Amino acid sequence: MSLAERIAQLEAEVAQAQARTAEEAERFRVAMLGRNGAVTELFDAFKQVATEEKRALGQRMNQLKLQAQARWEELKSGLQEGVAATGQSGDLTAPALTEPSGGLHPITIVRQRIVEVFERIGFTVSQGPEVEDDHHNFTALNFPKDHPARDMQDTFFINGPGGLALRTHTSSVQVRVMEGQRPPIRTISPGRVYRNEAISARAHCMFHQVEALYVDKGVSFAELKGTLDYFARSIFGPEVGIRLRPSYFPFTEPSAEVDMSCTICGGAGCNVCKHSGWVEIMGCGMVDPAVLANCGIDPEEYSGFALGMGVERIAQLLYRVPDLRLYWENDVRFLRQFTPGALRS
Ligand code: DAH
């Protein structure tokens, strides 16, 4: 474990430390700040750190030490309140001990908001497996074997018979739903998806998508556009607009990328929208008749639209998250900002 990881681990331990008795509070102090305590040991390890890292790590370590001291004080004073609350001494009106409260991860918060927005217009939630077969992830969605479109979505393959892989998109769930239900179908599928990507500020080998699918008699592109507009304004506010750019997905025809007017500069141009005034938020299109037929739905009778978005992307635009890796690092300083009331304290 690197020193930075160890610091993050101890920060979490300090934030979550509890004590019911004076001995437990003392045990916390010894374990963290004692001569052989975890924080003290960090300072020994610090001597090995490369000079260019010293400044940033040193600052975090000093802060951690202060946090551990403050937590110890809190634990001790909490005990006195505890004694009071049990009636063993003094003031029965003293406030009760407070539990440090956890919170939802920003990806969960945004996923729930997206689901709510679609539920309001009659969509149900469907789920499917993350380890998916070739048929549901690719073939039924019109990616023939050896077709170059498969290169857009390289993933992790599972050895053995059956052609299993970690699904590259939640579009696999639209196939499962259409195979199992008759139209009208109005469903969304939130879930984890995987790609063979090196981890960076802008990419990760695992992320979250929400896909929506609507199949019925006479579903039109106008309904798709109305739904996109409703979605963008429900999540980002009434002032945003959308535009569609022609694009390609094997499973929709026609296909489009959806851009939204930049919420940061209001369309005037800034770094986030790369001075274009627009940011991309998802892909969409009319379900290709071949996909309907692959799933046993008559394309002469029915039509449909589909759309798919990355939850990390929507959360990034909502909360201005500068680096995707923040979502996975479990750094409480990032996560704490999303707990209820956090911005007030
Ligand atoms: N499955 C696409 C992807 O992961 C996203 C997508 C685009 C989903 C267009 C759709 C759609 O349903 O119509 O890149």
Side-chain angles (χ1 to χ4, degrees), residues 111 114-115 118 123-130 132 134-143 147-156 165-179 185-197 202-216 219-229 231-232 242-260 279-292 294-295 297 299 302-314 324:
R111 191 197 64 218
I114 296 171
V115 169
F118 280 103
F123 282 73
T124 57
V125 173
S126 308
Q127 287 189 321
E130 288 174 32
E132 190 51 286
D134 189 274
H135 168 75
H136 289 95
N137 196 80
F138 292 119
T139 321
L141 287 165
N142 231 4
F143 291 79
H147 192 279
R150 290 198 178 202
D151 291 349
M152 302 192 310
Q153 301 196 358
D154 190 18
T155 181
F156 302 95
L166 297 187
R167 68 179 176 194
T168 57
H169 49 188
T170 47
S171 306
S172 54
V173 183
Q174 72 170 257
V175 176
R176 291 184 173 274
V177 171
M178 286 193 286
E179 284 174 344
I185 293 170
R186 238 186 263 131
T187 196
I188 55 170
S189 38
R192 266 191 290 254
V193 301
Y194 301 83
R195 300 277 171 97
N196 182 8
E197 299 264 6
R202 302 171 56 89
H204 203 286
C205 57
M206 191 274 277
F207 57 102
H208 298 78
Q209 285 189 337
V210 176
E211 157 123 354
L213 171 72
Y214 178 27
V215 181
D216 202 351
V219 174
S220 71
F221 202 92
E223 281 163 288
L224 169 58
K225 205 170 167 195
T227 306
L228 293 167
D229 197 51
F231 170 80
I242 57 161
R243 74 173 184 188
L244 300 180
R245 271 180 296 118
S247 183
Y248 169 73
F249 299 103
F251 38 87
T252 44
E253 182 60 38
S255 306
E257 304 282 357
V258 184
D259 290 344
M260 177 184 74
V279 288
E280 188 182 313
I281 55 170
M282 66 176 96
C284 69
M286 300 306 290
V287 181
D288 193 304
V291 173
L292 293 174
N294 288 343
C295 302
I297 293 177
Y302 294 103
S303 59
F305 71 66
L307 56 95
M309 70 190 90
V311 182
E312 280 76 1
R313 174 83 181 135
I314 305 292
L324 268 185

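This chain uses plain numbering: 1 for the first residue, then up along the sequence. We count ligands from 1, going down the list as the structure has it; atoms in each ligand are counted the same way. The figures that follow rest on heavy atoms only: side chains count, while hydrogens, waters and symmetry mates do not. Everything numeric in this text was worked out from a predicted model, so none of it was measured.
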Determine whether the aromatic ring centres of F305 and Y214 lie less than 6.0 Å apart.
yes
Show the atoms of ligand 1 that are less than 4.0 angstrom away from any heavy atom in S171.
1 (N), 8 (C)
Inspect the contact between R243 and D229 and indicate whether a charged nitrogen and a carboxylate oxygen are less than 4.0 angstrom apart.
no
Can you list the ligand 1 atoms lying under 4.0 Å from a non-hydrogen atom of G308?
6 (C), 8 (C), 10 (C), 12 (O)
Relative to ligand 1, is L213 under 4.0 angstrom through side chain, backbone, both or neither, heavy atoms considered?
neither
Counting only nitrogen or oxygen atoms and a 3.5 angstrom limit, does T168 reach ligand 1?
no
Has the side chain of E223 got a donor or acceptor atom that lies under 3.5 Å from a matching backbone atom of S220?
yes
Without swapping roles, check the side chain of T155 against the backbone of R167 for a donor-acceptor pair under 3.5 Å.
no
Ligand 1 atoms in contact with Q153 (distance to a heavy atom under 4.0 Å):
3 (C), 4 (O), 14 (O)
Look only at the side chain of R111 and the backbone of H208, and say whether a donor-acceptor pair between them is shorter than 3.5 Å.
no
Kindly assign one of parallel, tilted or perpendicular to the pair F138 and H169, based on the angle between their ring planes and the thresholds 30° and 60°.
tilted
Can you tell me if Q209 contacts ligand 1 (heavy atom of the residue under 4.0 Å from the ligand)?
yes
Strictly under 4.0 Å, does any heavy atom of R195 approach an atom of ligand 1?
yes
Heavy-atom contact check, 4.0 Å cutoff: does F251 meet ligand 1?
yes
Proximal ligand 1 atoms for T252, defined as those under 4.0 Å from one of its heavy atoms
13 (O)
With a cut-off of 4.0 Å, which atoms of ligand 1 are near a heavy atom of E211?
8 (C), 10 (C), 12 (O)
Indicate yes or no for a side-chain donor-acceptor contact from R186 to the backbone of L213 under 3.5 Å, with no hydrogens or angles considered.
no
If you measure every N/O of A306 against every N/O of ligand 1, is any gap under 3.5 Å?
yes
Number the atoms of ligand 1 from 1 as they appear, then name those within less than 4.0 Å of a heavy atom of G285, with their elements.
13 (O)
Hey, are R245 and D259 close enough for a salt bridge, meaning a charged N less than 4.0 Å from a carboxylate O?
yes
